[in-house]
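What follows is one structure encoded as structure tokens, with my remarks underneath.
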Amino acid sequence: MKNYTIVLAYFLLLTPFLSAQNITGFSSENADAQRQLESQIRNLIDPDAFKSHLYALSSEPHIAGTPESQRVIQYIGDAMQSAGLEVNFYDYDVLLAEPGMVEITLELDEPLLLQNREKEYKQDPWSSHPALTHGWNAYSGSGKVSSEVIYVNYGRLEDFQKIDSLGINLEGKIVLARYGGNFRGFKAKYAEEAGAIGLIIFTDPANSGFKLGDIYPDGPFNDASAIQRGSLLTLDYYGDPLTPFEVALPLDHPDSPVRKKIEEVALPKIPVAPIGYGAAYEILSRMEGQNVPEDWQGGFDFQYSVQGGPDLLVTLEVQQEREIKRITNITGTIKGRDFPDEWVIIGCHHDAWTFGAADPNSGTAMMLSLSDVLGELLEGGWQPKRSIVFAHWDAEEFGLIGSVEWVEHHLEELMAKTVVYLNSDMSVTGPNFRASGTPSLHSAIMEAATAVIHPDTQLNLLEYWLRGSQSEEPSFGRLGSGSDFVPFVHRAGIPSAQISMSGRVPVYHSAFDNLFFYEQFIDSHFVYGATLAEYYGVLATRFANADIIPYDPLRTASVLEQKIEEVTEIAGKDIFEATNLPELVDLLGEQAGFYNSLLNIFPKNDGLRDENLQQLNSILIGKERQFIVEEGLEFRPWLRNVFLSPDPLQGYAAWALPAYRYAIEMNLLDDLYHMHKTHQTHTQILMDLIISLSELNELMR
Ligand SMILES: [Zn+2]
């Protein structure tokens with residue numbers, strides 16, 4: 001093993017002993033003040049405040065661009081205003097879609113209209129809310145089509161390849177795909193590319209229905225009527241479909257950009273609609289073709305078939321308007337006392353497909369509870385050293401639109417000023433503390449987790465996270481796609497994390513993501529929401545108040561080492577053989593280990609003066625942007641982070657070292673010129689990182 005792995009182990013061993021008094025990046029004196037602040041936050045966080053925000057936010061369906069959503073925007077603005085934050089609204093005019101009409105008919109002797117609304121339950125008063133819509137997928141094509149059906153499992157690339165290898169032609173057929181396995185937009189894209197004329201996406205009982213446990217409203221799993229709504233956007237860029245790389249300023253704004261025409265954008269052309277498994281049963285159980293491959297069988301106990309047969313005709317009609325509408329992000333800022341131009345940003349979207357009790361507004365309520373508390377401290381004379389910004393994004397559900405437009409709007413400024421972005425989308429869904437994010441944040445996230453007690457036990461959140469695990473380290477996920485961290489990580493190169501109290505929400509994007517579900521199956525006493533607010537308070541104020549921003553470069557080096565191995569394995573040969581990348585990663589690890597040991601003795605090092613610290617922090621912030629390449633990644637120039645990208649083939653997942661992954665997928669490994677260029681870019685980035693770290697070490701000594 002490489003020697004810095006040993007340094008890492010040493011560092012981890014040491015940390016628990018030090019952490020009794022010390023907080024990484026704080027002088028001893030400031031650490032005491034920080035601990036005091038944290039206990040004030042702990043005392044002020046109130047589950048009832050969380051509850052009342054959640055009730056106010058989730059009392060009616062509030063899809064982006066609607067009057068109901070406008071009320072939520074107003075509520076968030078008012079709440080932060082009265083907490084004493086500096087509130088700003090950011091309007092953009094972007095392409096959204098409307099539910100329109102969806103009708104799916106089984107052409108039997110007596111035509112059978114399939115159900116596409118959720119059932120109403122007496123126990124759940126929200127389920128009969130008059131503003132609930134039928135099931136729909138945003139940006140579906142419009143039209144009425146009729147044909148026999150073909151089942152394509154999850155509708156992943158490999159599923160369509162399988163269909164092809166079975167000799168089945170999808171030309172002119174309606175395709176039936178189950179949810180799961182990839183982002184739903186790819187199901188539509190691949191179906192359309194295969195010549196299908198329509199797509200029906202269903203929830204299978206095996207993936208989130210009765211096969212897993214008690215169903216709604218007796219249990220949390222989907223009943224036969226629950227429908228997962230959701231967007232179908234899969235463009236080469238994120239945000240507003242009509243203004244790639246530009247800011248979708250309001251149409252009447254003097255700098256409003258020239259927009260693309262809707263016809264110029266690669267939106268789905270075929271009609272697409274989602275259904276629950278009750279409706280899916282009506283189709284699946286009547287299909288009469290060949291048996292599906294074994295792993296395509298879903299949760300019903302009859303044998304699934306690939307073809308429906310020529311006698312089983314389905315008619316699918318979708319009429320959907322795509323329209324430019326106004327969306328609004330809201331930010332609330334607490335100005336930093338010493339470094340107002342260094343920002344700690346916490347963000348969550350506010351729009352929802354239905355009530356959004358879990359997705360996203362458990363996160364919104366968590367943020368508002370915390371901004372209440374920090375506002376109260378502000379009133380008492382407290383101020384963080386750096387600024388803390390609470391950002392509430394609009395139209396995430398349509399394609400991360402609000403956050404992307406805002407990042408595009410402020411790109412240079414954000415890159416210069418942002419210390420960290422903490423995403424809290426859908427962040428309270430159960431008792432399990434979880435985090436994903438940029439490696440340089442892992443240590444700070446873990447350390448902050450030792451400062452908060454889990455409400456169900458006497459364990460702190462880190463201990464709870466590690467419960468039952470053999471490992472001394474919790475596992476961190478990577479940030480691929482699927483929420484508002486995307487523009488921060490992949491376009492601006494800002495270290496980001498998504499941290500949550502996590503559980504399961506099988507009814508995600510259905511009418512049952514409401515307060516009845518939340519209280520019954522997630523957090524009856526609203527304590528997980530309050531605990532997470534306390535945790536975000538601790539973590540955000542640590543980043544805001546630290547003398548030295550607590551990034552951990554050793555994690556970056558060690559994850560890079562792993563990724564080089566991972567990519568080598570996927571390539572099936574040593575693609576780094578002719579380069580010095582592995583050696584550079586070693587060198588980076590050495591410098592980073594040295595940096596960490598200096599950081600560890602920092603509390604006792606009073607030789608560091610304020611101007612050193614200021615210089616140190618600005619190098620630290622700059623160093624975190626070094627994975628960004630100006631011109632963007634070759635396969636998708638909107639993405640600019642060479643460390644990580646969303647998987648362009650499946651959606652939610654992530655690619656580490658994406659330029660290499662792309663070269664593997666596209667068979668470019670033998671293209672010497674191409675590989676030389678790729679190696680060169682990565683070599684330069686690593687050398688710059690090493691230089692930054694040695695500068696830091698020079699300053700720290
Ligand atoms: Zn969400």
What about the rings of [X] and [Y], do their centers lie closer together than 6.0 Å?
{"X": "Phe302", "Y": "Tyr281", "value": "yes"}
{"X": "Phe398", "Y": "Trp353", "value": "yes"}
{"X": "Trp655", "Y": "Phe635", "value": "yes"}
{"X": "Tyr151", "Y": "Tyr304", "value": "yes"}
{"X": "Phe433", "Y": "Trp465", "value": "yes"}
{"X": "Phe202", "Y": "Tyr277", "value": "no"}
{"X": "His129", "Y": "Phe355", "value": "yes"}

If you round to the nearest 0.5 Å, how far is [atom2] of [Y] from [atom1] of [X]?
{"X": "Leu95", "Y": "Ile327", "atom1": "CG", "atom2": "CD1", "result": "11.0 Å"}
{"X": "Cys348", "Y": "Met426", "atom1": "SG", "atom2": "CE", "result": "10.5 Å"}
{"X": "Leu108", "Y": "Glu282", "atom1": "CG", "atom2": "CD", "result": "8.0 Å"}
{"X": "Leu284", "Y": "Leu176", "atom1": "CG", "atom2": "CG", "result": "5.5 Å"}
{"X": "Ile201", "Y": "Arg229", "atom1": "CD1", "atom2": "CZ", "result": "13.0 Å"}
{"X": "Ile324", "Y": "Leu96", "atom1": "CD1", "atom2": "CG", "result": "9.5 Å"}

No-hydrogen, no-angle side-chain donor-acceptor test under 3.5 Å, Asp394 and His349: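 Per modelled atom types, Asp394 and His349 side chains form no pair under 3.5 Å.
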
Donor-acceptor pair between Asp204 and Tyr154 side chains, under 3.5 angstrom: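 There is no such pair (donor and acceptor under 3.5 Å, judged by atom type) between the side chains of Asp204 and Tyr154.
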
Pair Arg478-Glu566, salt bridge (charged side-chain N to carboxylate O under 4.0 Å, His left out): steps then yes or no: CA-CA 14 Å; Arg478 313 179 199 168; Glu566 188 181 304; 2.9 Å; yes

Closer than 3.5 angstrom, by distance alone: can the side chain of [X] be matched with the main-chain N or O of [Y] as a donor-acceptor pair?
{"X": "Gln520", "Y": "Pro217", "answer": "no"}
{"X": "His490", "Y": "Leu479", "answer": "yes"}
{"X": "Gln320", "Y": "Tyr139", "answer": "yes"}
{"X": "Thr105", "Y": "Leu113", "answer": "no"}
{"X": "Glu148", "Y": "Leu312", "answer": "no"}
{"X": "Asp164", "Y": "Gly167", "answer": "no"}
{"X": "Asn169", "Y": "Glu171", "answer": "yes"}
{"X": "Ser427", "Y": "Ser500", "answer": "no"}

Can a salt bridge be assigned to the pair [X] and [Y] using a cut-off of 4.0 Å between side-chain N and carboxylate O?
{"X": "Arg156", "Y": "Glu158", "answer": "yes"}
{"X": "Lys162", "Y": "Asp159", "answer": "no"}
{"X": "Lys325", "Y": "Glu98", "answer": "yes"}

Kindly assign one of parallel, tilted or perpendicular to the pair [X] and [Y], based on the angle between their ring planes and the thresholds 30° and 60°.
{"X": "Tyr121", "Y": "Tyr216", "answer": "perpendicular"}
{"X": "Phe245", "Y": "Tyr237", "answer": "tilted"}
{"X": "Phe183", "Y": "Phe186", "answer": "perpendicular"}
{"X": "Phe488", "Y": "Trp393", "answer": "tilted"}

Should we count [atom1] of [X] as having more than 12 external heavy atoms under 6.0 Å?
{"X": "Glu288", "atom1": "CD", "result": "no"}
{"X": "Glu569", "atom1": "CD", "result": "no"}
{"X": "Lys260", "atom1": "NZ", "result": "yes"}
{"X": "Glu321", "atom1": "CD", "result": "no"}
{"X": "Phe210", "atom1": "CZ", "result": "yes"}

Working for salt bridge (charged side-chain N to carboxylate O under 4.0 Å, His left out), residues Arg184 and Glu397: CA-CA 12 Å; Arg184 69 184 83 70; Glu397 293 294 3; over 6 Å; no

Ring-face cation of Arg491 near Trp638 (centre distance under 6.0 Å, axis angle within 45°):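 Arg491 over Trp638 ring: yes.
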
Which atom of Leu54 lies closest to which atom of Asn361, heavy atoms considered: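 Answer, listing the atom of Leu54 first, then Asn361: CD1-O, 3.5 Å.
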
Leu232, Leu199, Val152 screened by side-chain contact (heavy atoms from CB on, under 4.5 Å) with Lys187, the one that passes: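 Answer after filtering Leu232, Leu199, Val152: Leu199.
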
